[in-house]
Amino acid sequence: MSPPASGPPASGPPASGPPASGPPASGPPASGPDRAEWETVVGLEVHCELKTQTKLFCGCKNAFGDEPNTNVCPVCLGLPGSLPVLNAFAVELAMRIGAALHCEVRPSSFHRKNYFYPDMPKDYQISQYDEPINVGGWLELPDGSRVGIERAHLEEDTGKTTHQGETGRIHAADYALVDYNRAGVPLVEIVSRPDIRSSAQARLYVTELRAVLVATGASDGRMEEGSLRVDANVSVRRAGAGAFGTRCEVKNLNSLRSLGRAIDYEVARQVALVEATGTVVQETRHWDENAGRTVPLRSKEEAFDYRYFPEPDLVPLAPGSDWQERAAGAVGLLPSARRERLAGLLGGAPTPQQVDQVHVVVGQGLDDLIVAAVAQGAPAGLALVRAANELAADIGAALALDAGTFGSVVEMEGRGELTATQAKAVLAELLAAGGGDPAKIAAEKGFEALSEGSLAAVLQGVVEAHPEEWARYSAGEEKLAGFFTGQVMRATGGKADGKAVAAELQRLRQ
Amino acid sequence: MTADGSDSAAALADAVRRGERSARSVVEAALGGIAARDPELHAFLHVAADGARADADAVDEKVRAGEDPGPLAGVPVALKDNLCTRGIPTTCASRILEGWRPPYDATVVTRLRDAGAVVVGKTNLDEFAMGSSTENSCTGPTRHPMDPSRVPGGSSGGSAAAVGAGLVPLGLGSDTGGSVRQPAALCGVVGMKPTYGVVSRYGLVAFASSLDQIGPFARSVADAALLLEVIAGHDPKDSTSLDRPAPEVVRSLGAGVEGLRVGVCEELVADTAPDVSRRVREAAEELAEAGALVEEVSVPEMRLGLSAYYLIAPAEASSNLARYDGVRYGLRVDAPDVAQMNTATRTAGFGPEVKRRIMLGTYALSAGYYGAYYGKAQRVRTLLIRAFDRVYEQFDVLVGATAPTTAFAIGERVADPLAMYLSDVCTIPSNLSGHPAISVPFGAGDDGLPVGVQVLAPALCEERMFQVAATLERSAAARARAGQGEGRR
């Protein structure tokens with residue numbers, strides 16, 4: 001399962017040029033400078049908050065969105081005299097990530113990264129440095145390209161500073177508030193090799209990595225809550241050049257959209273720079289989403305001297321082979337296998353829309369619900385649509401939903417007992433209430449789907465009431481189908497199924 | 001009874017447990033002694049009189065109810081003020097922690113309380129335990145209990161002086177480079193540093209994490225053993241705490257030294273004052289007399305200890321002390337922005353010695369210098385550990401001086417940091433190696449002030465070390481009765 005100890009990733013960097021853009025990262029391909037002589041080189045650092053119950057070095061709750069400074073203790077506040085104790089489950093999740101990314105798990109250790117910042121309680125961060133737990137793996141993207149993984153190491157998160165003032169901007173702030181609930185939350189930082197060749201591939205990489213992290217149970221993958229954060233190292237070189245160009249690290253990429261835009265902006269900026277001055281200055285830059293550009297944060301000279309040294313309060317970490325195997329065994333199905341599983345359930349060649357939907361549900365970890373629903377007798381296509389649309393729209397509630405309940409709704413819809421509109425309403429109700437009995441909810445809402453017979457009767461009535469329109473429709477004026485459907489809906493109070501109406505219209509016309 | 005006739009901790013606890021004395025009366029006597037004597041000594045930074053009385057009453061209540069009040073029932077204990085005590089100020093003798101009251105007890109404090117001991121107060125120290133005389137305290141120096149013009153040693157000078165003056169039978173200090181053993185030697189009491197990891201560091205405000213160990217002060221080897229057994233043993237809150245039970249030192253006290261191989265370590269004798277080295281040689285003779293096989297041995301790597309220590313300890317300290325930034329607790333000196341506030345706070349809050357070590361340590365860890373300084377110091381440390389391993393193939397314990405001189409005058413070494421650093425030259429090797437060591441009073445110097453003899457042992461050989469210490473203590477007592485080596489009392 002694991003690649004050789006220190007060798008390169010099993011496949012080299014992908015062929016240059018933008019890869020076929022995969023569904024989730026669809027949209028315009030990497031724009032960037034449209035000059036064939038320049039090649040984009042990107043390496044990504046992805047910080048993933050681990051889905052543990054407690055923090056990395058203390059027993060405080062690891063939870064997003066709680067009242068500020070309520071999940072804190074002497075250890076994560078860095079009070080004098082407190083000491084860290086490593087969370088074994090965080091180590092387990094880190095090893096799962098390593099296994100999913102084909103890394104080798106190695107004996108590792110922790111260092112202190114020293115710098116002053118108010119949201120860092122000890123004014124140093126405990127992080128793995130020269131001996132990370134996972135080294136040397138790769139991630140295969142849906143387009144078949146592989147991105148090498150340098151390392152995936154454990155570290156603690158910092159607190160969160162909110163600058164208060166009229167603009168909310170750091171320099172204009174009157175004061176700052178610090179929430180230490182996040183301080184000490186376990187992170188795994190996944191560092192890719194500079195194998196990425198376009199912004200589209202970067203987006204595809206993050207999308208696939210996110211799906212892997214969700215599948216392993218290590219992360220909830222919520223970029224919008226900051227549980228997945230991306231920094232990009234971007235450089236350019238002339239096509240065919242062997243050496244890499246000088247890179248800039250771009251921070252503050254809070255969404256896939258930011259990631260793609262920032263890389264495109266940065267590539268264009270660097271190409272223009274090199275063409276004008278022959279050189280790029282190595283620095284850390286900040287992505288300004290509103291302005292749509294990167295701005296300098298600090299130069300190489302201004303870079304912090306972190307004064308790394310081995311953390312004396314922790315002992316070296318050397319998980320035994322039993323533990324490593326247990327962690328690897330707990331990884332479960334990876335996204336590619338999950339996508340294949342759904343494709344199998346759908347049968348035949350999936351439509352492009354279904355391919356998109358499959359990516360969405362696998363990325364959100366909703367595919368198990370679909371598999372269960374199908375096993376229960378629900379139609380696969382319908383289950384996929386409902387999961388990709390209705391469930392994905394309220395992912396937190398959806399993941400808490402009982403598989404059988406979801407299956408029942410889809411089954412009812414499949415049997416025509418609920419119209420699409422009604423099924424959506426029942427699902428919304430279930431998600432809002434955190435569960436319930438679909439049949440009961442449908443009954444309460446008065447959702448009794450019309451039987452075929454009564455639908456035919458209603459339609460017959462509508463046709464008789466509008467003979468002129470019927471004549472035109474029968475003569476081939478297709479747009480009148482909408483008119484009749486609307487009339488049927490009005491007559492039934494919306495209980496009729498649109499598809500059934502269409503079928504009935506066709507049947508009557510023949 | 002201890003050598004000078006005062007009650008031992010063991011005797012006090014027995015009396016309290018049997019109901020012969022109330023814990024309250026024992027504690028009142030200690031508080032009375034502190035009130036009478038401490039204005040001159042300045043051993044205490046904070047006397048927790050109300051809490052001590054309440055804790056003593058709780059012990060007495062247990063005795064009345066027939067419950068076990070613990071092995072240290074009613075025994076007053078003084079804690080170095082770098083040990084966190086819930087609700088009781090913990091300042092490290094630094095302005096930067098002014099007003100800070102920890103929300104939690106250090107593990108050793110919890111264990112003391114569980115054993116029935118009564119915390120009477122927090123004692124003076126060199127700021128953040130950085131020093132060898134207790135003069136680097138933001139509150140001023142502690143004075144030597146036998147000569148107020150002299151220092152008690154340091155950095156745990158407050159606890160050493162409090163025990164030496166008989167204000168409390170037991171005290172705790174922390175030993176990073178000798179900060180328990182050296183003041184114990186200077187004040188004429190027993191002080192020991194356990195094997196690294198035997199006593200939990202949870203709640204000890206860190207100076208140099210890889211060197212810090214909490215250790216007991218007592219007026220007898222037996223009391224030190226009793227206290228060690230209470231505070232030692234695995235603590236899940238400290239990852240460097242060893243997963244093994246406390247060493248059984250009390251029952252090893254009577255075992256003697258018959259057949260033990262004792263190395264008199266040349267490096268721990270040669271560079272000491274003549275009156276000190278004379279006592280060490282006499283101590284070695286006494287051990288031979290008692291049946292030990294005594295030989296001289298040289299461990300040249302020990303001479304490298306001091307320089308390695310003064311890179312490793314400041315390096316770790318520079319990181320450990322970064323958190324005192326004015327953001328969350330302690331002193332804050334306001335300024336227009338966060339960076340300036342950090343600077344203003346740290347400038348006002350830290351004393352000169354602390355600043356010197358933060359700068360030294362920051363430099364030693366800097367990019368481009370790490371290998372030449374911190375990295376090299378760690379290699380020296382490894383070298384020293386190997387040297388100890390080799391010498392312990394031939395010897396069961398080593399003996400030497402604890403400090404190069406007896407107590408020196410207040411102000412004498414303040415202007416010369418290197419002279420001050422040399423005060424710890426005999427104690428630092430054990431911190432670097434992580435091995436246990438104990439200082440036992442053994443007669444006096446030419447000035448009549450106490451001399452301490454140090455016994456060093458391999459890792460986790462506390463039992464053997466206490467065996468030797470107890471033998472030395474008996475010899476010293478016998479010599480005192482015979483009028484040899486008697487000092488001022």
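Letters A, B, ... are given to chains in the order of the sequence lines, protein chains preceding strands, and every chain is numbered from 1. No experiment lies behind these values; they were computed from the predicted model shown.
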**Student:** Given heavy-atom pairs under 4.5 angstrom as the criterion, report whether the side chain, backbone, both or neither of P74(A) touches chain B.
**Tutor:**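 Just its side chain gets close to chain B.
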**Student:** Identify the heavy atoms of R201(B) and P312(A) that sit nearest to each other, and give their distance.
**Tutor:**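 Minimum heavy-atom separation between R201(B) and P312(A): NH2-O, 4.0 Å.
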**Student:** With a 4.5 angstrom heavy-atom cut-off, which part of D313(A) approaches chain B: side chain, backbone, both or neither?
**Tutor:**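 Contact with chain B involves both backbone and side-chain atoms of D313(A).
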**Student:** Does atom OH (Y196(B)) have a neighbourhood of more than 12 heavy atoms from anything else shown, all under 6.0 Å?
**Tutor:**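 Atom OH in Y196(B) is crowded, with more than 12 foreign heavy atoms closer than 6.0 Å.
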**Student:** With sequence neighbours left out, what residues match F116(A) under ring-ring contact (aromatic ring centres under 6.0 Å, His included)?
**Tutor:**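 Not a single residue meets the ring-ring contact (aromatic ring centres under 6.0 Å, His included) criterion with F116(A).
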**Student:** Could you tell me the separation between the OG1 atom of T240(B) and the CD atom of E311(A), rounded to the nearest 0.5 Å?
**Tutor:**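 If we round to the nearest 0.5 Å, T240(B):OG1 and E311(A):CD are 10.0 Å apart.
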**Student:** Working to the nearest 0.5 angstrom, can you tell me the gap between D325(B) CG and D123(A) CG?
**Tutor:**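 The distance works out to 4.0 Å.
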**Student:** Check whether any side-chain heavy atom of P310(A) lies under 4.5 Å from a side-chain heavy atom of Q378(B), and answer yes or no.
**Tutor:**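 With C-beta onward as the side chain, the pair stays apart.
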**Student:** Donor-acceptor check, side chain of R323(B) to backbone of L79(A), threshold 3.5 angstrom: yes or no?
**Tutor:**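 Checked: pair present.
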**Student:** For the residue pair S82(A) and Y202(B), what are the closest heavy atoms and their distance?
**Tutor:**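 In terms of heavy atoms, the two residues are closest at CA-CE1, 3.9 Å.
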**Student:** What is the distance from atom CG of D305(A) to atom OH of Y369(B), rounded to the nearest 0.5 Å?
**Tutor:**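 Here the interatomic distance stands at 10.5 Å.
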**Student:** More than 12 heavy atoms of other residues, nucleotides or ligands under 6.0 Å from CZ of R229(A): yes or no?
**Tutor:**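 Result for CZ/R229(A): enclosed.
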**Student:** Is Q53(A) atom CD crowded by more than 12 heavy atoms from other residues, nucleotides or ligands, each under 6.0 Å away?
**Tutor:**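 Counting neighbours around CD of Q53(A), 12 or fewer heavy atoms of other residues, nucleotides or ligands fall under 6.0 Å, so no.
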**Student:** Among N82(B), L204(B), L211(B), L321(B), which residue forms the greatest number of heavy-atom pairs with chain A at distances under 4.5 Å?
**Tutor:**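 Most pairs with chain A among the choices: L204(B).
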**Student:** Between F309(A) and Y374(B), is the ring centre distance below 6.0 Å?
**Tutor:**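 Ring centres of Y374(B) and F309(A) closer than 6.0 Å.
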**Student:** Under 4.5 Å from any heavy atom of chain A, what part of V327(B) do you find: side chain, backbone, both or neither?
**Tutor:**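 When you check distances to chain A, only side chain atoms of V327(B) fall under 4.5 Å.
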**Student:** Give a yes or no on whether the backbone of A367(B) and the side-chain of Y306(A) come within a donor-acceptor separation of less than 3.5 Å.
**Tutor:**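 Between the backbone of A367(B) and the side chain of Y306(A) there is no qualifying donor-acceptor contact (under 3.5 Å).
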**Student:** Is the side chain of S319(B) donor-acceptor paired with the backbone N or O of Y124(A) at a distance under 3.5 Å, no angle test?
**Tutor:**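 It does not hold such a pair.
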**Student:** Do you know which of C58(A), P84(A), P121(A) has the most heavy-atom pairs with chain B at a distance under 4.5 angstrom?
**Tutor:**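 Of the options given, most contacts go to P121(A).
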**Student:** Can you tell if the side chain of L97(B) reaches within under 4.5 Å of the side chain of P80(A), non-hydrogen atoms only?
**Tutor:**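 Yes; the side chains approach each other to less than 4.5 Å.
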**Student:** Counting only heavy atoms not in K376(B), do more than 12 sit closer than 6.0 Å to its NZ atom?
**Tutor:**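 No - once you tally the heavy atoms of other residues, nucleotides and ligands closer than 6.0 Å, there are 12 at most.
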**Student:** Between G203(B), G368(B), S210(B), who has the most heavy-atom pairs with chain A when the cutoff is under 4.5 Å?
**Tutor:**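 Option with the top pair count is G203(B).
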**Student:** Where on P236(B) is there a heavy atom nearer than 4.5 Å to chain A: the side chain, the backbone, both, or neither?
**Tutor:**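 Backbone only.
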**Student:** Does any donor atom in the side chain of Y180(A) or R328(B) lie under 3.5 Å from an acceptor atom in the other side chain?
**Tutor:**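 Judged by distance alone, the side chains do pair up.
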**Student:** Which pair of non-hydrogen atoms, one from S239(B) and one from L314(A), has the smallest distance, and what is that distance?
**Tutor:**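 The pair with the smallest heavy-atom distance is OG-CD2, 3.7 Å.
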**Student:** Quick one: what part of D212(B) sits under 4.5 Å from any heavy atom of chain A, side chain, backbone, both or neither?
**Tutor:**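 Nothing of D212(B), per the 4.5 Å heavy-atom cut-off to chain A.
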**Student:** Compare every heavy atom of E316(B) with every heavy atom of R112(A), then report the nearest pair and how far apart it is.
**Tutor:**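 Smallest heavy-atom distance, with atoms named: NH1-O, 4.2 Å.
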**Student:** Considering only heavy atoms from C-beta outward, does the side chain of L83(A) approach that of K237(B) to under 4.5 Å?
**Tutor:**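 When only atoms from C-beta onward are counted, K237(B) and L83(A) do not touch, as no gap falls below 4.5 Å.
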**Student:** Give a yes or no on whether Y129(A) atom OH has more than 12 heavy-atom contacts from other residues, nucleotides or ligands under 6.0 Å away.
**Tutor:**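 No - once you tally the heavy atoms of other residues, nucleotides and ligands closer than 6.0 Å, there are 12 at most.
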**Student:** Checking heavy atoms, do the side chain of T90(B), its backbone, both or neither come under 4.5 Å from chain A?
**Tutor:**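 Looking at T90(B), nothing touches chain A.
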